[in-house]
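Following: one structure in structure tokens, then a few remarks.
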Amino acid sequence: MALITRGFGSKTHGRDTRLPPGQTQVDDWPVLTAGATPEIAQEIWEFTVGTEDGKTVRWDWDSFRALGLEDFTVDIHCVTHWSRLGMPWRGVSLDRVFEHVETSYDFVMAHSYGGYTTNVPLEELLDGQAWIAFEADGEPLEAEHGGPARLVVPHLYFWKSAKWVQGLEMIAQDEPGFWEERGYSLHGDPWTEERYS
Ligand SMILES: Nc1nc2c(c(=O)[nH]1)N[C@H]1C(S)=C(S)[C@@H](COP(=O)(O)O)O[C@H]1N2
Ligand SMILES: [Mo]
């Protein structure tokens, strides 16, 4: 499909107002992975949240999805300057997850199968801002795009959206994850071009 769909965004002088500065719209979906693509079967998949009291809240495939799947449509922005606009997804809001988590810590380290990590402030994962996604473009997530499940935090650069996410670790202070240790911004707001630290 090479159709160019501009969706509902308004355009000023030909530039879609949904595009953050320095970004170019693409219609394909590039794959960006540091390392190999892990193969995670649904039967062994689990999602955990670890808190400061040493407790781990744990879900398997069915119990996690039973928290409530919802459809959401968002724009995604990679720090390598591509953006995809109006992308349909299906997943569980982190608001549903944190209804079951007691923590006084303000920061989160996301951990993926395969070892990737990325940090996000807790308040930026709540209030409808982040999901654990199982489907994109109406199909189960392909392994190369993080299937069976990935974090989606669309208001931050896409490296925050950990593929093959395994769980979240509550942390007291903000700490760098994989790319943040390698010079990328701790925060990663595409609208203010927080690309590098
Ligand atoms: N586990 C894991 N998650 C990851 C990455 C990775 O290498 N490993 N790359 C990140 C980066 S830099 C981007 S831009 C997006 C790319 O997602 P995509 O390959 O589905 O486009 O995934 C992010 N999540
Ligand atoms: Mo990226």
Side-chain angles (χ1 to χ4, degrees), residues 1 18-42 44-50 64 71-92 94 97 107-121 124-125 129-169 171 175-197:
M1 289 269 290
R18 294 173 296 174
L19 270 183
Q23 296 296 111
T24 303
Q25 186 183 351
V26 296
D27 296 307
D28 59 338
W29 188 2
V31 173
L32 281 104
T33 301
T37 294
E39 295 286 332
I40 315 298
Q42 289 176 18
I44 64 138
W45 185 87
E46 62 167 12
F47 188 83
T48 60
V49 181
F64 189 84
D71 294 314
F72 56 100
T73 299
V74 294
D75 307 331
I76 60 173
H77 311 293
C78 177
V79 72
T80 63
H81 300 278
W82 59 266
S83 293
R84 273 193 86 196
L85 302 180
M87 209 181 152
W89 296 83
R90 186 168 178 77
V92 173
L94 285 183
V97 172
F107 297 93
V108 173
M109 187 68 79
H111 292 265
S112 293
Y113 290 100
Y116 186 84
T117 55
T118 190
N119 58 299
V120 187
E124 297 201 36
L125 296 179
Q129 296 187 91
W131 295 263
I132 303 300
F134 295 90
E135 293 177 23
D137 296 326
E139 303 284 344
L141 260 186
E142 288 178 48
E144 63 183 3
H145 287 299
R150 78 180 294 165
L151 180 61
V152 177
V153 192
H155 74 284
L156 299 175
Y157 281 124
F158 208 38
W159 86 77
K160 296 292 185 180
S161 294
K163 303 197 279 190
W164 317 291
V165 69
Q166 190 279 314
L168 308 177
E169 173 195 3
I171 52 179
E175 290 170 23
F178 179 85
W179 281 122
E180 296 83 7
E181 277 181 345
R182 288 161 177 78
Y184 285 89
S185 162
L186 265 188
H187 183 231
D189 175 9
W191 293 97
T192 54
E193 289 197 76
E194 292 175 335
R195 297 177 190 273
Y196 311 106
S197 57

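Since we're looking at a predicted model, the values are computed, not measured. For ligands, and for the atoms within them, numbers begin at 1 and follow the listed sequence. Keep in mind that the numbers below use all heavy atoms, side chains included, and drop hydrogens, waters and symmetry copies.
Residues W45 and F134 place their aromatic rings such that the two centres sit under 6.0 Å apart.
Among all protein heavy atoms, the one lying closest to atom 3 (N) of ligand 1 is K163 N, 2.9 Å. Atom 22 (O) of ligand 1 has its closest protein heavy atom at R150 NH2, 3.2 Å. Distance from atom 14 (S) of ligand 1 to its nearest protein heavy atom, with residue and atom name: C78 SG, 3.2 Å. The protein non-hydrogen atom at the shortest distance from atom 24 (N) of ligand 1 is S161 O, 3.1 Å.
A donor-acceptor pair under 3.5 Å links the side-chain atoms of H81 to the main chain of G22, judged by distance alone.
Under 4.0 Å from ligand 1, not a single heavy atom of Y157 appears. The proximity of F158 to ligand 1, defined as any non-hydrogen pair under 4.0 Å, involves the side chain as well as the backbone.
A donor atom on one side chain and an acceptor atom on the other are found under 3.5 Å apart for K163 and T33. Under 3.5 Å, the side chains of T118 and E180 contain a donor-acceptor pair of N or O atoms.
The closest approach between W82 and ligand 1 falls below 4.0 Å for a heavy atom of the residue. Look at G146 and you'll find every heavy atom at least 4.0 Å from all atoms of ligand 1.
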